[in-house]
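Comments concern the structure below.
All ligand and atom numbering here is 1-based and tracks the order in the structure.
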Amino acid sequence: MSRMLVTGGAGFIGSNFVHHVVAHTDHHVTVLDALTYAGNLESLAGLPEDRVTFVKGDITDAALVDELFAAADSVVHYAAESHNDNSLHDPLPFLNTNIVGTYTLLEAARAHGTRYHHISTDEVYGDLELDDPARFTEDTPYNPSSPYSSTKAGSDLLVRAWVRSFGVQATISNCSNNYGPYQHVEKFIPRQITNVIRGIRPKLYGKGENVRDWIHADDHSSAVLTILDKGTIGETYLIGADGEKNNKDVVELILELMGEPRSAYDHVTDRTGHDLRYAIDSTKLRTELGWSPRYRDFEAGLAATIQWYRDNESWWAGAKDGVEAFYASKGQ
Ligand code: NAD
Ligand code: DAU
């Protein structure tokens, strides 16, 4: 049994990863999570106690991080401030967690020689035009747009520097937009699903032409395990499942799947600096490491996600009113 440390394991993608690791490996997982507004211990409920240990703490706490790295064979780093709209309102926590936090982990990886996998985003590449046939590859130049994506880009560059300068045993993955269970209601898909459940009309930024490349969180998890298992140290792998859709189509599909008229939504104030389109070319991961996604039917995955939010209202209800009040204050 190998010992894996997962930062941010009480968040959306981190908790999906912990569930995936418990189901598909015999690793023991230690979760390090500060339980910010985005973390929820209920996302780890039901997992066997002999397989998962939870430690509440901050990734910028160097002494704690050092102690946990000393006891780990590998580390997967999900913890982050993750929401673009929050980063436009208050960027400082993004600098602390995403930059200083990653630095703190890299110093521990350097001291202990620990295998380290860094979770990042396609947003580091900026955006594409709607009519551009191009997709992002591992060679696309970095060009982030928001405080969030610029701090993720900065953290990726720290990893590359620590590999080259100090021989840290690291890999990086940049994934597209995830959907699935345990996603905070501030994000697009859960916000609209929970709006419909609450009788609130979904809110679409601007015209809704912006395109995101959707992947199920469980496919993200299988890709990360594949990279940990077979990836080459120092390499970056893009993770995506060919799921490009514009926001208008996604809102209309949510409404249809929830039995409402497809037109029953509002256009609201657009996001400042709103990236137009993301699209991932994951050829390297598929051909070199043999990974492929399991969730190929977005409509079926979305229907299952809607059912999860219907069945788990107690998981999200506490956050909903505050999130909607925040958006309302910005005309969104
Ligand atoms: P999330 O906001 O749902 O979860 C983040 C978790 O990190 C929370 O549990 C939070 O408590 C924890 N955390 C925050 N600051 C911390 C700190 N200083 N110390 C310890 N824990 C802290 O985020 P998510 O959507 O699950 O994203 C996870 C990672 O995946 C991030 O690195 C994000 O950049 C990346 N990513 C997300 C997506 C997506 O679609 N959501 C896509 C690609 C990459
Ligand atoms: O591409 C990967 C990124 O995907 C991750 O790095 C981020 O952590 C994650 O939050 C996500 O970023 P986005 O900004 O793309 O996700 P968000 O869910 O905030 O918005 C998705 C799209 O929907 C985006 O074009 C903005 C739009 N939107 C969002 C909200 C919350 C709306 O139209 N209405 C809304 O109410």
Side chain to side chain, Asn247 and Tyr205, heavy atoms closer than 4.5 Å: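 Not in contact.
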
What part of [X], side chain from CB on, backbone N/CA/C/O, both or neither, has a heavy atom under 4.0 Å from ligand 2?
X      : value
Arg212 : side chain
Asn177 : both
Lys187 : both

Side chain Asn174, main chain Leu238, donor-acceptor under 3.5 Å: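 Judged by distance alone, no pair lies under 3.5 Å.
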
Evaluate whether atom [atom1] of [X] has more than 12 neighbouring non-hydrogen atoms of other residues, nucleotides or ligands under 6.0 angstrom away.
X      : atom1 : answer
His89  : NE2   : no
Lys207 : NZ    : no
Lys248 : NZ    : no
Glu42  : CD    : no
Tyr103 : OH    : no

Taking all non-hydrogen atoms of both residues into account, name the closest pair between [X] and [Y] and its distance.
X      : Y      : value
Pro202 : Val251 : CB-CG1, 4.1 Å
Thr104 : Ala62  : CG2-CA, 3.6 Å
Ser146 : Asn84  : OG-OD1, 2.6 Å
Ser43  : His19  : O-NE2, 2.7 Å
His112 : Ala70  : CE1-CB, 3.6 Å
Asp275 : Ser145 : OD1-OG, 2.6 Å

Those atoms of ligand 2 less than 4.0 Å from some heavy atom in [X]:
X      : result
Tyr148 : 5 (C), 6 (O), 7 (C), 8 (O)
Tyr327 : 31 (C)
Tyr278 : 1 (O), 15 (O)
Gln192 : 34 (N), 35 (C), 36 (O)
Glu186 : 31 (C)
Leu204 : 33 (O)
His83  : 19 (O)
Asp122 : 1 (O), 2 (C)

Check against side-chain contact (heavy atoms from CB on, under 4.5 Å), Tyr37 and Glu81: CA-CA 10 Å; Tyr37 81 93; Glu81 285 293 337; 3.8 Å; yes

Full working for side-chain contact (heavy atoms from CB on, under 4.5 Å) between Arg198 and Lys320: CA-CA 10 Å; Arg198 282 279 170 91; Lys320 181 68 182 167; 3.5 Å; yes

Taking distance alone, with N or O pairs closer than 3.5 Å, would you say [X] contacts ligand 2?
X      : result
Ile189 : no
Trp214 : no
Arg271 : yes
Asn210 : no
Tyr205 : yes

Sub-4.0 Å heavy-atom environment of ligand 1, residues by chain: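 Under the 4.0 Å cut-off, ligand 1 touches Gly8, Ala10, Gly11, Phe12, Ile13, Asp33, Ala34, Leu35, Thr36, Ala38, Gly39, Gly57, Asp58, Ile59, Tyr78, Ala79, Ala80, Ser82, Thr97, Ile119, Ser120, Thr121, Tyr148, Lys152, Cys175, Ser176, Asn177, Asn178.
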
Side-chain atoms of residues 175-183: list all donor-acceptor pairs with protein atoms under 3.5 Å, sequence neighbours left out, distances to 0.1 Å.
from: Ser176; atom 1: OG; to: Asp213; atom 2: O; distance (Å): 2.7
from: Asn178; atom 1: OD1; to: His220; atom 2: ND1; distance (Å): 2.9
from: Asn178; atom 1: ND2; to: Ser176; atom 2: O; distance (Å): 2.8

Heavy-atom nearest neighbour in the protein, as seen from atom 9 (C) of ligand 2, with distance rounded to 0.1 Å: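 So the nearest neighbour among protein heavy atoms is Ser82 O, 4.0 Å.
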
Protein contact of atom 20 (O) of ligand 2 - nearest heavy atom, named by residue and atom, plus distance: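 In this structure, atom 20 (O) of ligand 2 has Phe188 CB, 3.7 Å as its nearest protein heavy atom.
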
Of the listed options Arg277, Gln183, Glu123, closest to atom 12 (O) of ligand 2 (non-hydrogen atoms):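 Looking at heavy atoms only, the winner is Glu123.
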
Heavy-atom gap His274 to ligand 2 smaller than 4.0 Å: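 Yes; His274 lies near enough to ligand 2 that a heavy-atom distance drops under 4.0 Å.
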
